[in-house]
Amino acid sequence: MAQRALTGIKPTGEPHLGNWLGAIRPALELARKYEAYYFIADYHALTTVHTGEALRKYVRDITAAYLAFGLDPEASVFYRQSDVPEIFELSWILSCFTPKGFMNRAHAYKDFVARNQKAEKDDDADINMGLFGYPVLMSADILMFNADVVPVGADQIQHIEFARDIAEKFNRNYGESVFHLPEPRVDDSVKTIIGLDGRKMSKSYDNTIPLFLDEKPLQKRINQIVTNSQTPEEPKNPDDCHVFKLHQLLLNDAEEQAVRKVYLAGGMGWGQAKKMFFETLNDQLKAPRAEYNRLLADPGHLDAVLAQGRDKARAVAVPFLERIRSLIGVR
Ligand code: ADP
Ligand code: TRP
């Protein structure tokens, strides 16, 4: 049987270039080798997104983005977390096998506490139970579908380790291997994509290149990439330049060599470097952008895609949860 890969996508903002190259593109490649499960983790987003209008919009945006970049809902299982209530029942069951100490040690939670301490606030200021228990729900996402491989960013590895530990405790307790033990998959070839200012591209830093801007605003955004004060005549070191670092990610080897030559030869101003990058990016985004806009104009279609995914996901989740209920003695 084909191994199963599963990944969750948190709808918390408009998708940007870092999301595409760091998450969307590698996730979609998995469908070639694995039985692929993709889901919109809307109940994970609820830990921080607290207006209905915003959450609804981000779910639509991110659903359309994955489809626009080629997610095939026929060949994979693509669903919204909140459409599969079995996940939340499993989350409670797993929480009864989760040592509270795991959650105290979770990096994401500890980061919040550290920030509070730095601001001289109460340790748990603004930390809701959803944030604290986040890794349990994530374990339920993964274990419900017996995922073998979970592609994630490096910051999520600890969560997969929790899922493994919780699964082991449960299996040992009931003397059955109910749950597969998931493996994190961190793609080393996907580096951290830098933003306009050279820091990690992130919506928290307002340094992103949003994926679906129209051409003019896209070009404007690219013109904001920070460069040094070299004159056009001076030869430039491509490896020491934010524009090239981003441009490079979109090029094959031969194309990259050609662009490097232009930098090294001198006579190229930063305006021209940015224009070259814009043209490459715009070429690659043109078709997805048109598809994205088409999809957003047709919310009925997005709903239908997610409904189809829900049915496929529940066809797996409902009988599996029945087995678990019977094992723990609530049926
Ligand atoms: P943001 O930092 O903008 O809030 P998210 O945390 O919502 O982005 O990230 C969603 C996904 O995109 C995650 O899988 C994350 O690893 C990936 N991602 C986000 N920013 C980058 C980046 N700059 N480089 C590589 N991957 C990224
Ligand atoms: N926690 C992940 C993130 O912040 C999103 C996520 C939720 C996820 N459930 C998951 C990822 C299950 C992989 C598997 O990006």
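Just so you know, ligand 1 is whichever comes first in the structure, and atom 1 is the first atom listed for that ligand. For reference, positions follow the sequence shown, starting with 1. Note that the coordinates shown come from a computational prediction; the quantities given were computed from them, not determined experimentally.
For the residue pair Lys203 and Thr12, a side-chain donor N or O sits within less than 3.5 Å of a side-chain acceptor on the partner. For the 3.5 Å distance criterion, the side chains of Tyr37 and Asn146 fail to qualify, holding no donor opposite an acceptor.
Distances between N or O atoms of Asp141 and those of ligand 2 include at least one value under 3.5 Å.
Ligand 2 places these atoms under 4.0 Å from at least one heavy atom of Val150: 13 (C), 14 (C). Residue Ile142 has at least one heavy-atom neighbour below 4.0 Å for each of these atoms of ligand 2: 12 (C), 14 (C). Residue contact check: Tyr134 has heavy atoms under 4.0 Å from atoms 1 (N), 2 (C), 3 (C), 4 (O), 5 (C) of ligand 2. The Lys10 neighbourhood of ligand 2 comprises atoms 4 (O), with distances under 4.0 Å to a heavy atom of that residue.
Screening Phe39, Phe88, Tyr134, Tyr58 against His44 for a ring pair (Phe, Tyr, Trp, His ring centres under 6.0 Å) leaves a single residue, Tyr134.
A salt bridge is defined here as a Lys NZ or Arg NE, NH1 or NH2 lying under 4.0 Å from an Asp or Glu carboxylate O, and Arg314 with Asp83 fails to meet this definition. The pair Lys216-Asp214 does not meet the salt-bridge criterion, since no charged nitrogen lies less than 4.0 angstrom from a carboxylate oxygen. Under 4.0 Å is where a charged nitrogen must lie from a carboxylate oxygen, and between Arg105 and Glu161 no such pair does.
Contacts between Ile9 and ligand 2, counted as non-hydrogen atom pairs separated by less than 4.0 Å, are absent for every part of the residue. Under 4.0 angstrom from ligand 2, there are no non-hydrogen atoms of His159.
Checked against the 6.0 Å centroid criterion, the rings of Phe145 and Tyr79 qualify as a close aromatic pair.
Ring planes of Tyr109 and Phe132: perpendicular class, angle over 60° (limits at 30 and 60°). Using cut-offs of 30° and 60° on the angle between ring planes, the pair Phe78 and Tyr38 is perpendicular.
In this structure, ligand 1 sits under 4.0 Å from heavy atoms belonging to Thr12, His16, Gly18, Asn19, Gly22, Ala23, Lys191, Thr192, Ile193, Lys200, Met201, Ser202, Lys203.
Atom 5 (C) of ligand 2 has its closest protein heavy atom at Gly8 O, 3.7 Å.
Counting only non-hydrogen atoms, the option in Met144, His44, Gln81, Gln156 that gets closest to atom 7 (C) of ligand 2 is His44.
A cation-pi geometry, defined here as NZ or CZ lying under 6.0 Å from the six-membered ring centre and within 45° of its normal, holds between Arg115 and Phe112.
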